[in-house]
Trainee: 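One structure, pasted below without further comment.
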Amino acid sequence: MARFASIYTVPYRIFVRYRIKGSRSMEVTGIPAVARTTRARWIAAGLEALAEGGPDAVRVETLAAALGVTKGGFYGHFDGRAAFLAEMLDEWERRCTTEVIAQANAGGGDAADRIRRVGRMTFSEDLHRIDLAIRAWANHDRSVATRLRRVDNERMTFLRTMFGAFLADPDEIEARSMLTFALAIGRHFIVADHPGYTTLEAIQLAGEHLLRP
């Protein structure tokens with residue numbers, strides 16, 4: 001009967017089971033004791049750090065501490081900080097634009113309904129915080145500014161298409177598209193009171209005014 005022994009490798013937290021010397025073969029099996037931090041969790045932590053403190057706050061050591069892991073796991077997923085920042089931008093674009101537009105279209109309804117649906121999704125606080133942080137970052141990084149321009153153009157194209165579904169005047173389409181986009185981005189910077197209305201109510205009134213036939 002074959003005899004086995006087991007060892008526990010501390011640095012990698014796996015059990016290795018092997019045949020005792022003298023047997024004809026060796027068998028090695030590994031069972032992770034702790035789940036590896038996923039790529040998605042690193043990116044989510046990076047976007048949160050960006051929203052809180054800008055790109056300078058996105059540091060491997062800081063993110064590892066926030067996730068409760070060592071920074072070694074980071075390099076198992078990413079080829080350095082620059083590659084990580086690029087993947088963060090990819091995730092922002094997916095969550096804040098590509099996915100939002102896809103969900104708006106998948107939900108059906110007329111063009112005004114789709115614009116409303118996009119508005120509800122992009123008004124969520126987590127997405128808005130990230131968007132504003134990337135706009136501030138773009139002021140100091142040409143590559144980020146180029147990415148932001150492309151994303152903004154995609155958003156404006158969506159709005160023009162939607163408004164064009166029920167408006168014929170090109171000037172009206174462009175004006176309403178621009179004002180709708182400005183409302184979505186600029187609302188954060190307006191601190192005025194709205195007598196008789198909450199801020200959210202005032203924003204909704206402005207949005208519905210832009211969606212009138």
Trainee: Roughly how far, to the nearest 0.5 Å, is the CG atom of Leu210 from the CE atom of Met178?
Mentor: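 One finds 12.5 Å between CE of Met178 and CG of Leu210.
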Trainee: CG of Leu47 to CD of Glu87: how many Å apart, nearest 0.5 Å?
Mentor: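 Rounded to the nearest 0.5 Å, the CG-CD separation comes to 11.0 Å.
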Trainee: Kindly determine whether Trp42 and Phe74 satisfy ring pair (Phe, Tyr, Trp, His ring centres under 6.0 Å), including the steps that lead there.
Mentor: CA-CA 7 Å; Trp42 281 105; Phe74 173 90; 5.4 Å; yes
Trainee: Decide if atom CZ of Arg149 counts as having more than 12 heavy atoms of other residues, nucleotides or ligands within a radius under 6.0 Å.
Mentor: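 Atom CZ in Arg149 is not packed in, count stays at 12 or less.
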Trainee: Provide the closest heavy-atom pair for Phe163 versus Ser177 in the form atom of the first, atom of the second, distance.
Mentor: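 For Phe163 and Ser177, the tightest heavy-atom pair comes out as CD1-OG, 3.5 Å.
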Trainee: Without placing hydrogens or testing angles, list every side-chain donor-acceptor pair under 3.5 Å for residues 198-206, not counting sequence neighbours.
Mentor:
residue	atom	partner	partner atom	Å
Thr198	OG1	Glu201	N	3.0
Glu201	OE1	Thr198	N	2.9

Trainee: Checking side-chain contact (heavy atoms from CB on, under 4.5 Å) between Arg155 and each of Val151, Asn153, Leu159, which is the one that passes?
Mentor: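 Answer after filtering Val151, Asn153, Leu159: Val151.
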Trainee: Got more than 12 heavy atoms from elsewhere within 6.0 Å of CZ, Arg212?
Mentor: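 It does: Arg212 CZ has more than 12 such atoms within range.
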Trainee: More than 12 heavy atoms of other residues, nucleotides or ligands under 6.0 Å from CG of Asp193: yes or no?
Mentor: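 No - once you tally the heavy atoms of other residues, nucleotides and ligands closer than 6.0 Å, there are 12 at most.
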Trainee: Are the side chain of Arg117 and the backbone N or O of Gly108 linked by a donor-acceptor pair below 3.5 Å?
Mentor: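 Pair found, side chain donor or acceptor close to backbone of Gly108.
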Trainee: Look at the side-chain heavy atoms of Ile, Leu, Val, Met, Phe, Trp and Tyr, link any pair under 4.5 Å apart, and say whether Phe158 and Met121 land in one connected group.
Mentor: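 Hydrophobic grouping puts Phe158 with Met121.
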Trainee: Is the OH atom of Tyr197 crowded by more than 12 outside heavy atoms at less than 6.0 Å?
Mentor: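 Count not over threshold, so no.
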Trainee: Check side chain to side chain donor-acceptor pair (under 3.5 Å) between Glu174 and all other residues, then give those that pass, not counting sequence neighbours.
Mentor: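 By the side chain to side chain donor-acceptor pair (under 3.5 Å) rule, Glu174 matches Arg160.
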Trainee: State whether a side-chain donor-acceptor pair under 3.5 Å links His128 with Arg187.
Mentor: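 There is such a pair between these side chains.
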Trainee: Does Asp110 reach the side chain of Phe166, with side-chain heavy atoms less than 4.5 Å apart?
Mentor: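 Contact flag for Asp110/Phe166 side chains = no.
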Trainee: Going by the rule side-chain contact (heavy atoms from CB on, under 4.5 Å), which residues pair with Ser143 if we only count those two or more places apart in sequence or in a different chain?
Mentor: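 In terms of side-chain contact (heavy atoms from CB on, under 4.5 Å), with neighbours along the sequence ignored, Ser143 is linked to Asp141.
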Trainee: Less than 4.5 Å apart, side chain to side chain, heavy atoms only: is that true for Phe84 and Asp79?
Mentor: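 No, too far: nothing below the 4.5 Å cut-off.
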Trainee: Salt bridge or not between Arg176 and Glu172? Use side-chain N to carboxylate O under 4.0 Å.
Mentor: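 Result for this pair is yes, salt bridge flagged.
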Trainee: I'd like to know if Arg135 pairs up with Asp152 as an ion pair, taking the criterion as any Lys NZ or Arg NE/NH1/NH2 lying under 4.0 Å from an Asp or Glu carboxylate oxygen.
Mentor: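 Yes, charged N to carboxylate O under 4.0 Å.
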Trainee: May I ask you to decide whether Asp131 forms a salt bridge with Arg95, counting only side-chain N to carboxylate O separations under 4.0 Å?
Mentor: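 No.
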Trainee: I want to check something: taking the side chain as every heavy atom from C-beta on, are Trp137 and Leu85 in contact at a cut-off of under 4.5 Å?
Mentor: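 Sidechains of Leu85 and Trp137: in contact.
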Trainee: Do Arg39's NZ or CZ and the ring of Phe78 fall within the cation-pi criteria of under 6.0 Å and 45°?
Mentor: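 Pair Arg39/Phe78 counts as cation-pi.
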Trainee: Side-chain contact test, heavy atoms from C-beta onward, threshold under 4.5 Å: evaluate it for Val118 versus Arg114 and give yes or no.
Mentor: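 Of all side-chain heavy-atom pairs linking Arg114 with Val118, none is under 4.5 Å.
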Trainee: Please say whether more than 12 non-hydrogen atoms of neighbouring residues, nucleotides or ligands are located less than 6.0 Å from NE2 in His209.
Mentor: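 Incorrect, the count does not exceed 12.
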